[in-house]
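Notes follow the structure.
Just so we're clear, the structure is a prediction, and the values are computed from it rather than from any experiment. In what follows, every chain begins at residue 1, and chains take the letters A, B, ... in the order their sequences are listed.
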2 protein chains.
Amino acid sequence: MATIDDVARAAGVSASTVSYVLSGKRPISPGTRERVERSIRDLGYRPHAGARALASARSNVIALMVPFRAGVNVGIIMQFVGGAVAAARQHDHDVLLLTQDDTSGVDRVASSSMADGIIVMDVEAQDTRLPLLRTLRQPSVLIGVPDDSSGLSCVDLDFTAAGRLAVRTLAEAGHRHVALIGASRARYERRANYAVRMRAGVQDEAELRGVGVTVVPSEPSFAGGVAAAVELLALDPDVSGVVVHNESALPGVVAALAERGLRVPQDVSVLAVGAADAAESLSQPLTSIDVPGHDIGRVAVEMVMAHLGGETLAGTRLISPRLTDRASVAAPARRALAG
Amino acid sequence: MATIDDVARAAGVSASTVSYVLSGKRPISPGTRERVERSIRDLGYRPHAGARALASARSNVIALMVPFRAGVNVGIIMQFVGGAVAAARQHDHDVLLLTQDDTSGVDRVASSSMADGIIVMDVEAQDTRLPLLRTLRQPSVLIGVPDDSSGLSCVDLDFTAAGRLAVRTLAEAGHRHVALIGASRARYERRANYAVRMRAGVQDEAELRGVGVTVVPSEPSFAGGVAAAVELLALDPDVSGVVVHNESALPGVVAALAERGLRVPQDVSVLAVGAADAAESLSQPLTSIDVPGHDIGRVAVEMVMAHLGGETLAGTRLISPRLTDRASVAAPARRALAG
DNA sequence: GTGAAAGCGCTAACAC
DNA sequence: GTGTTAGCGCTTTCAC
């Protein structure tokens with residue numbers, strides 16, 4: 001492996017000049033730049049990452065803590081990771097992968113200076129990692145908004161707005177009895193912020209519009225979706241518009257409705273919230289509000305970079321929901337209107 | 001941040017002694033070890049990763065190149081990555097994430113000494129990355145087996161054996177007309193090794209047993225699965241056992257069969273090959289041969305570690321397929337037996 | 001069983 | 001516009 005000294009010698013300059021050519025931190029005459037760049041190419045020179053990190057106190061790596069546990073939608077995680085990696089590369093950074101169950105991962109990576117910044121996914125209301133994150137030298141960005149986000153930077157889809165948008169869409173189509181089939185009971189109990197905020201948005205908007213609303217938790221599985229749909233129809237037989245915020249349960253919900261002879265959207269309108277592919281890949285695609293995983297990942301990285309660039313303000317950034325129409329929402333049938 | 005000198009001073013020893021306490025590369029008296037470990041704890045000392053990499057020529061990082069492109073099953077990728085990260089941590093290594101479309105990623109990471117070894121997923125028969133991999137100082141391990149694997153280490157599920165096992169299972173249940181609904185035409189054309197090997201196993205075993213076999217490619221989507229099933233029933237109306245090696249098409253295939261009034265397993269047996277959850281999460285779970293993503297990831301890391309430990313032999317490691325019975329394979333109905 | 005000292009390859013003052 | 005030099009924090013001979 002060629003070193004910076006090899007390059008310097010080949011180009012007839014000093015090592016620091018090579019370094020400055022590379023970093024652009026001081027003006028270089030065209031001739032010198034030319035010769036240095038040529039030598040770099042000829043020798044196939046690449047700066048040693050460790051040496052660079054040692055001398056500059058920058059690793060050009062950002063760490064990403066990803067949940068590999070079950071129940072978390074993998075499609076959306078991949079989207080998110082893809083977005084984060086792409087954005088990191090644009091800023092000349094690489095991504096180090098940490099898993100949620102590697103509890104000391106953040107600490108290790110931060111205090112050994114392996115990473116310049118840290119992104120933590122799937123943050124819960126009372127996340128136990130927050131105190132540690134606040135003590136770090138490196139900036140961190142959370143995906144999800146905890147109860148106390150003071151001093152921390154967060155990004156997420158605006159789930160409250162998504163809940164509102166979903167109900168508004170149904171209400172404007174004429175529905176008077178709507179429902180939310182949401183996250184699992186366990187998730188609500190752990191106060192998973194996205195589940196709670198979504199529910200709040202749905203309930204607020206329903207109240208605002210004087211629309212009846214039923215909320216049913218659902219296990220993240222086909223069977224869970226079936227059970228939730230059955231429970232919902234028992235609780236409110238007149239329900240005509242259903243918001244499903246649970247990718248894994250979605251096929252079950254749809255199947256259970258079909259089983260009851262309820263056609264979408266003639267008899268019941270269905271609107272999905274979650275990973276794009278979940279709503280799209282069903283035998284009947286559904287109108288949906290997609291969680292923009294790729295964008296969230298990108299924004300998280302941009303926020304880390306802003307901090308590294310001297311930006312000092314921490315804050316929460318909520319991304320506006322957008323609805324993709326796939327014709328699964330329509331005016332309610334008479335049955336419901338009469339209800 | 002405390003440095004090794006701070007620890008040395010606090011413990012009343014030299015820096016090299018601290019280093020040796022940490023690495024265990026030379027005997028340390030109990031008393032000294034005690035004091036050093038105490039100081040390390042008191043100061044919350046963590047070696048600086050860059051300094052360590054510079055001095056030792058080891059980064060304790062392994063790079064993982066992951067395909068984020070569409071069509072590749074995300075569930076299995078996550079499994080794989082999870083297995084790799086877990087195994088890497090057991091060997092005191094971290095994982096750096098590279099994406100497939102970052103074409104210069106391997107080169108960058110290798111020649112800047114960011115990683116000690118490299119794992120490349122989703123390798124194709126004539127993979128363009130192979131020449132580069134062969135020139136690297138760092139060992140690399142491929143997931144998938146290219147046409148020419150000389151000088152390289154590979155791991156994968158033994159898809160040929162999986163194809164055989166699938167056909168054997170159907171044949172032993174009494175089926176005389178079987179089929180493979182496989183990867184997309186594009187994948188066969190790019191000679192994606194897993195698709196080709198699977199098909200070979202299916203065909204060999206069918207020939208061996210004198211069983212008729214029809215192979216139908218399928219696009220990786222619900223619609224693709226429907227189309228493939230329809231095409232299959234046209235090509236061989238007597239088919240009674242179907243192997244589906246395409247997670248995304250699986251729901252479509254199942255739906256198309258149901259649409260035709262064909263019950264599983266009474267009228268037609270279905271056996272899935274692929275991600276565990278794809279076969280498991282259907283409304284009717286299917287007997288399947290699961291791709292053991294977690295194990296493959298783990299083995300890939302072990303192979304890298306073996307190379308780093310001085311192991312010099314490159315080679316291919318194929319993991320034996322295992323069948324999980326979910327009662328979707330049964331004896332053929334008379335219709336088929338009579339055919 | 002322990003210490004001193006020479007790097008590892010780079011960056012960033014400080015000089016001119 | 002360029003060179004000189006002093007580290008960055010660690011590992012690992014070599015020496016005792």
Could you go through nucleotides 12-16 of chain D and list every protein N or O atom that sits under 3.5 Å from one of its N or O atoms, giving the distance for each pair?
residue: dT12(D); atom: OP2; partner: K25(B); partner atom: NZ; Å: 3.1

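- Here the P atom of nucleotide dG1(D) and the CD atom of E34(A) are 16 Å apart, to the nearest Å.
- As rounded to whole Å, 15 Å separates atom C1' of dC10(C) from atom CE of M114(B).
- The side chain of I4(B) has dC10(D) as its nearest neighbour among dC10(D), dG3(D), dT11(C).
- Per the geometry, CZ belonging to R35(B) stands 13 Å off C1' belonging to dG3(C), to the nearest Å.
- For S14(B), whose side chain is taken as the heavy atoms from C-beta onward, the closest listed nucleotide among dG3(C), dT2(D), dT2(C) is dG3(C).
- Contacts classified as side-chain hydrogen bond (donor to acceptor under 3.5 Å, both in side chains) and involving residues 76-90 of chain A (residues at least two apart or in different chains) are not found.
- Between T32(A) and dG1(D) there is no side-chain N or O to OP1 or OP2 distance below 4.0 Å.
- Using a cutoff of 4.0 Å between basic side-chain nitrogens and carboxylate oxygens, R134(A) and D148(A) are scored as salt-bridged.
- How far CG of N60(B) is from CG of D116(B): 6.0 Å, rounded to the nearest 0.5 Å.
- Residue L22(A) contributes atom CG, which lies 9 Å from atom P of dC10(C) at whole-angstrom precision.
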I'd like a table of donor-acceptor pairs (distance under 3.5 Å, sequence neighbours excluded) in which one partner is a side-chain atom from residues 304-316 of chain B, with atom names and distances.
residue: H307(B); atom: ND1; partner: M303(B); partner atom: O; Å: 3.1

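- Classification of D158(A) and R197(A) as a salt-bridged pair fails, no side-chain N sitting under 4.0 Å from a carboxylate O.
- What separates CD1 of I28(B) from C1' of dT11(D) is a distance of 13 Å, to the nearest Å.
- In this structure, L54(B) atom CG and dT11(D) atom P are separated by 11 Å, rounded to whole Å.
- When the C1' atom of dC10(C) is taken as reference, atom CD1 of I40(A) falls 13 Å away, rounded to whole Å.
- Side-chain atoms of Q126(B) and D147(B) form a donor-acceptor pair, as typed in the model, at a separation below 3.5 Å.
- Spacing between atom CG of N60(B) and atom P of dC10(D) amounts to 14 Å, rounded to whole angstrom units.
- Of the residues near DNA chain C, V18(A) and G12(B), the one whose nearest nucleotide (by heavy atom distance) lies more toward the 5' end is G12(B).
- The side chain of R52(B) has dT11(D) as its nearest neighbour among dG1(C), dT11(D), dT2(D).
- A side-chain donor-acceptor contact under 3.5 Å links S56(B) to the backbone of R52(B).
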